[in-house]
Every structure is written in C-alpha cells, then in structure tokens.
Undergrad: 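Sharing a structure with you now.
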There are 2 protein chains.
Amino acid sequence: MSSFAPTEQRLAVTCRQYPAFPREPAVVVRLVKHIHKRVHDDANALLKPFGINHPEYNLLMMLYGTEGYSLNPSQLAEAAGEKSANITRLTDGLCAKGLIERTTSDEDRRKVALTLTDAGLALIRSFLPGICDLLAHQTATLQPRELAQLEKLLKKFLDGLEQG
Amino acid sequence: MSSFAPTEQRLAVTCRQYPAFPREPAVVVRLVKHIHKRVHDDANALLKPFGINHPEYNLLMMLYGTEGYSLNPSQLAEAAGEKSANITRLTDGLCAKGLIERTTSDEDRRKVALTLTDAGLALIRSFLPGICDLLAHQTATLQPRELAQLEKLLKKFLDGLEQG
DNA sequence: AATAGATAGTACATTTATGTAATACTTGCC
DNA sequence: GGCAAGTATTACATAAATGTACTATCTATT
C-alpha cells in the first residue's frame, strides 16, 4: 500500500465537499511533494558519509557539469535554483571544506569565480558511483519509454508554471 | 526559454565526462525539484494574505478532507507527509491562530484530536476559490489526457521509491 | 494487580535554511 | 567626474526541520 493513499483519499473527500476543487492538479502537486521529499531524504542519507548534504551536492554537480569546473555565484544560483544569499552561505561551507575555491575575476572585479578544487573533484568521483546506483534504482520501476514520457510531461508542466 | 535549460545543459556535460551517469533519472529528479519549488512559492504567495503558509495549508486541507474535520497528530503526519515532531510545531501555530482545536480523546487518553474550528473552516472557504484558480492555472498547459498520464507515471515513480 | 512493553504526543536543543535589507565595490555611460 | 546599474557579500531576523529524550497512557501477560 502506497503512503500516498491517505492523501489521495482526503483529496477525494475534498472534491465531494467542494466540487470546484480540481482533483487531478491537486493530486499531481501532492505527488510532486511526496516524491521530492523522498528523493531528498535518500540523497541526504547517501551523502552524509561524504560530509555533504543534498544542496551542497547540487552545487558541486553544477560545477562538475561546467567546462573548467567554474561558475560565478549568480550562474550557480540559477543552475541550482537557489537564491543568491543562499549561495554565499552554501559556498562558504564548501570553501571551508576545501572542495571549492573563490577567486575574483581579473576582467570584472565585481565577479567571483567558484571553482572545484582537486579535493572537490576527487570527492565527486568518490560518490558518483553511489549516486548513479541510487538514481537508477529510484527509477527502476519505470520503463525507458515511461521515463522519457515523464520527462516530457514534467517539462511541459514546468513551462506552464513559469510562463505565469 | 525555460529556467531549466542551464541545469539540463550541465547534466549533459556531466554525462559526457562520466558516461555511467544516468541522464534521464537525473533530469527527472531535477525537474521534480524545480517544480516543487515553484509550486511551493506560488502557494505561499497566495496564502500569505490569509496569514498561513504552504505547510499549514496542507494540514488544514487534510482536516478539511476528513469526515468530521478531525484527525490525530499521527494520522495528520502521514496524510501531510510530515514528521510527527513537525506536526506538533505546525499545529501549535494553527491553534494559536484559532484555526484548529486540540482535544484529548476519551477512549484513549494518549490520543489527541485536532479539529477544524469554525474559524478554520471559514478561512478554508475563503481561500479555496483562489487555490482552485491557482491549481487550474498551474496545469493549464497540460491537456486532460496528459494530466492523467502524468498522474499515473508519478504514482509509479513514487511506488518505486517506496518499495526500496 | 503488577509489571513489561508498546504507543502517542510533546519538549527541548540543535542544525539547517530562507528572506530581506543594507552595504561595498565595480563597471559603463553620459 | 558623477551617477545608474550590476555583482556579491553581510548581517539580521525568522522559519523550518531534525533528533533525542521524556511523559503519559494503554495493552497484554502473568
């Protein structure tokens, strides 16, 4: 029995009481919340032995996915979906752990470059196998076609959210 | 241009550098994160004038979706996907606002019933039209068939996450 | 009835996260 | 030179989440 059943049951009752309530959008939004929570918790559990948490992992991976392993705080904020004030705090932590480096740009001295250190790169390489396993395992119930379909639908959903 | 493009671009680079990295699971997980954040922020913005936030809204709606508008803290935790320690904190706030009531059960005096007050019910009825609009609007880009398909795939995804 | 063990809920301490506003510099344009 | 706009950090205030331990109550067993 899925943990989602009680939630869905209550949404059904809500619809009976308030017929204008749009069941499917509400169900989808709740599912997203449940899934997000689960994925977040799983990732945190896996990453804890490596001394980092999920938000920090996201930042490291955004740097890893960039030529030269380097981004400005504002680019990093956009890529990771964090507010810039958060980026400062999170990158402070990563600097303190020696995983990234802050350097000021020569061309434009307002800018700061956040760059993976060798230690940061080594850490990423050490946890990536586990992350790959986790991701594969988490989506194991979905056939490749279903996964592709899900990606398409989620993108369409996100587009709708963003265009206001 | 979607805000997701920079993220996706960096996942593509990651795949080139580390071919074992499972692109689609990672993309789907990131999409869930982005969507969740957006939905959460939208809801908070809508609810702010009503003096509550998204987690509090979730609790109120789970009570509203129950016969008698009443649940135990543990049932509420399950339905809302929160830890029980969080429920105490959140329901403290709702009690302080006079939206719900705490009463101890007569049959089992370990148990506590959390029940919507008239004020809570009135508040729900006042924000529900806006919530319905928001939900409909957020999913407006999806055709009914696509929404149904998305629901199905998300459920399958969640099942996979839960069965370990 | 006595007691061990399970269950429900809360309290407290701690950590983590977030939001907002103010500040410090830099750049580029006029 | 002076001023508007851009970039990042800081500081502060809150909010939120988590973990652990604690109290009270109930159940089952003897």
Side-chain angles (χ1 to χ4, degrees), chain A residues 6 33-34 36-48 50-59 63 70-97 100-115, chain B residues 33-34 36-45 47-49 51-59 63 70-97 100-115:
Chain A
K33 177 174 153 52
H34 279 239
H36 176 261
K37 185 178 178 52
R38 185 63 188 241
V39 164
H40 181 78
D41 289 350
D42 284 357
N44 270 332
L46 173 63
L47 293 167
K48 190 161 196 172
F50 296 94
I52 60 171
N53 59 24
H54 196 207
E56 291 173 326
Y57 159 82
N58 281 332
L59 299 193
L63 291 172
S70 185
L71 288 170
N72 301 326
S74 49
Q75 295 173 311
L76 190 53
E78 183 184 25
E82 299 278 351
K83 297 270 161 69
S84 84
N86 261 345
I87 291 295
T88 300
R89 179 181 53 84
L90 288 166
T91 54
D92 280 352
L94 293 173
C95 281
K97 290 173 195 167
I100 66 173
E101 227 175 25
R102 260 203 191 88
T103 51
T104 55
S105 158
D106 287 336
E107 321 147 350
D108 183 342
R109 287 164 53 213
R110 287 171 303 187
K111 291 187 178 172
V112 166
L114 300 163
T115 311
Chain B
K33 178 173 153 51
H34 278 240
H36 177 261
K37 184 179 177 52
R38 185 62 188 241
V39 164
H40 181 77
D41 290 350
D42 284 357
N44 270 333
L47 294 166
K48 190 161 196 174
I52 60 171
N53 59 25
H54 195 207
E56 290 174 327
Y57 160 82
N58 281 332
L59 299 194
L63 291 173
S70 185
L71 288 171
N72 302 328
S74 48
Q75 296 173 310
L76 190 52
E78 183 183 26
E82 298 278 352
K83 300 265 162 72
S84 86
N86 263 343
I87 292 295
T88 300
R89 178 180 54 84
L90 289 165
T91 55
D92 279 352
L94 292 172
C95 281
K97 291 173 194 166
I100 66 172
E101 228 175 25
R102 260 203 193 89
T103 51
T104 56
S105 157
D106 287 337
E107 321 147 349
D108 183 342
R109 284 163 53 214
R110 289 171 304 184
K111 291 189 180 172
V112 166
L114 299 163
T115 310

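Convention: sequence-line order gives letters A, B, ...; per-chain numbering from 1.
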Undergrad: Using a 4.0 Å heavy-atom cut-off across all strands, classify A:Glu56 as base, sugar-phosphate, or nothing.
TA: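 The residue A:Glu56 makes no contact with any strand.
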Undergrad: Of all the choices, C:dT10, C:dT16, D:dT10, which nucleotide is nearest to the side chain of A:Asn53 once you look at every atom?
TA: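 Within the option list, the nearest is C:dT16.
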Undergrad: What's the closest nucleotide to the side chain of B:Lys111 if the choices are C:dA8, C:dA17, D:dT18?
TA: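 Nearest nucleotide to the side chain: C:dA8.
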Undergrad: Any side-chain N or O of B:Lys83 less than 4.0 Å from the OP1 or OP2 oxygen of D:dA17?
TA: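 Checking D:dA17 against B:Lys83, no side-chain N or O comes under 4.0 Å of OP1 or OP2.
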Undergrad: For a quick test of reading the model, state the closest non-hydrogen atom pair linking B:His54 to B:Ala43 and the distance between them.
TA: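 For B:His54 and B:Ala43, the tightest heavy-atom pair comes out as CD2-CB, 3.6 Å.
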Undergrad: Would you indicate which nucleotide in D:dT10, C:dA11, C:dG9 comes nearest to any side-chain atom of A:Ala85?
TA: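 The closest nucleotide is D:dT10.
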Undergrad: Rounded to whole Å, please give me the gap between CG in A:Leu71 and P in D:dT7.
TA: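 From A:Leu71 CG to D:dT7 P: 14 Å.
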Undergrad: In whole angstroms, how far is the P atom of D:dT9 from the CG atom of A:Asp92?
TA: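 Answer to the nearest Å: 8 Å.
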Undergrad: At under 4.0 Å between heavy atoms, what does A:Ser74 touch on the DNA or RNA strands: base, sugar-phosphate, or nothing?
TA: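 Touches sugar-phosphate only.
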Undergrad: Measure across B:Glu82 and B:Pro55 and return the closest heavy-atom pair with its distance rounded to 0.1 Å.
TA: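 So the two residues come closest at OE2-CB, 4.3 Å.
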Undergrad: Find the distance A:Ile100:CD1 to D:dA8:C1' and express it as a whole number of Å.
TA: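 Distance, rounded to whole Å: 14 Å.
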Undergrad: What does A:Asn86 touch in the nucleic acid at a heavy-atom separation under 4.0 angstrom: a base, only the sugar-phosphate, or nothing?
TA: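 If one applies the 4.0 Å heavy-atom cut-off, A:Asn86 turns out to touch a base.
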Undergrad: 5'-most contact on DNA chain D: A:Ser84 or A:His40, nearest heavy atom basis?
TA: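 Whichever sits nearer the 5' end wins; that is A:Ser84.
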Undergrad: CG of B:Asn44 versus P of D:dT14: gap in Å, rounded?
TA: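 Atom CG in B:Asn44 sits about 18 Å away from atom P in D:dT14.
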Undergrad: Quick one: side chain to side chain donor-acceptor pair (under 3.5 Å) partners of A:Arg109, sequence neighbours excluded?
TA: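 If we apply the side chain to side chain donor-acceptor pair (under 3.5 Å) test to A:Arg109, skipping adjacent residues, there are no hits.
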Undergrad: Of the options D:dA8, D:dT9, C:dT10, whose atoms approach the side-chain atoms of B:Thr88 most closely?
TA: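 Nearest listed nucleotide: C:dT10.
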Undergrad: Would you name the heavy atoms of B:Thr88 and B:Arg102 that are closest together and state the gap between them?
TA: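 Minimum heavy-atom separation between B:Thr88 and B:Arg102: O-NH2, 3.6 Å.
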Undergrad: Tell me the interatomic distance from B:His54, atom NE2, to D:dA15, atom C1', rounded to whole angstroms.
TA: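 So the NE2-C1' distance, B:His54 to D:dA15, works out to 16 Å.
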Undergrad: Indicate yes or no for a side-chain donor-acceptor contact from B:Asn72 to the backbone of B:Ser74 under 3.5 Å, with no hydrogens or angles considered.
TA: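 Not at all, since once roles are kept as given, no pair shorter than 3.5 Å links the two residues.
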Undergrad: By the 4.0 Å heavy-atom rule, please label A:Pro55 as base, sugar-phosphate, or nothing.
TA: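 It contacts sugar-phosphate atoms only.
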Undergrad: For the pair made of CZ in A:Arg110 and P in D:dT9, what is the distance, rounded to whole Å?
TA: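 Checked: the CZ to P distance equals 14 Å.
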Undergrad: In this structure, how many angstroms lie between the P atom of C:dA8 and the CZ atom of B:Arg102, rounded?
TA: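 Atom CZ in B:Arg102 sits about 16 Å away from atom P in C:dA8.
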Undergrad: Shortest non-hydrogen contact from B:Leu59 to B:Thr91?
TA: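 Answer, listing the atom of B:Leu59 first, then B:Thr91: CD1-CG2, 4.1 Å.
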Undergrad: Any base atoms under 4.0 Å from B:Gln75, or only sugar-phosphate, or nothing? Heavy atoms, all strands.
TA: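 B:Gln75: no heavy atom of the nucleic acid under 4.0 Å.
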Undergrad: Tell me the interatomic distance from A:Glu107, atom CD, to D:dA8, atom P, rounded to whole angstroms.
TA: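 Between P of D:dA8 and CD of A:Glu107: 12 Å.
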Undergrad: Just N and O in the side chain of A:Arg89: are any of them under 4.0 Å from OP1 or OP2 of D:dA11?
TA: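 Looking at the OP1 and OP2 atoms of D:dA11, neither is under 4.0 Å from any side-chain N or O of A:Arg89.
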Undergrad: Are OP1 or OP2 of C:dT26 and a side-chain N or O of A:Arg109 less than 4.0 angstrom apart?
TA: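 For C:dT26, OP1/OP2 do have a side-chain N/O of A:Arg109 under 4.0 Å.
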Undergrad: Select from A:Asp108 and B:Lys48 the residue whose nearest nucleotide in DNA chain C is closer to the 5' end of that strand.
TA: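 Between the two, 5'-proximity favours B:Lys48.
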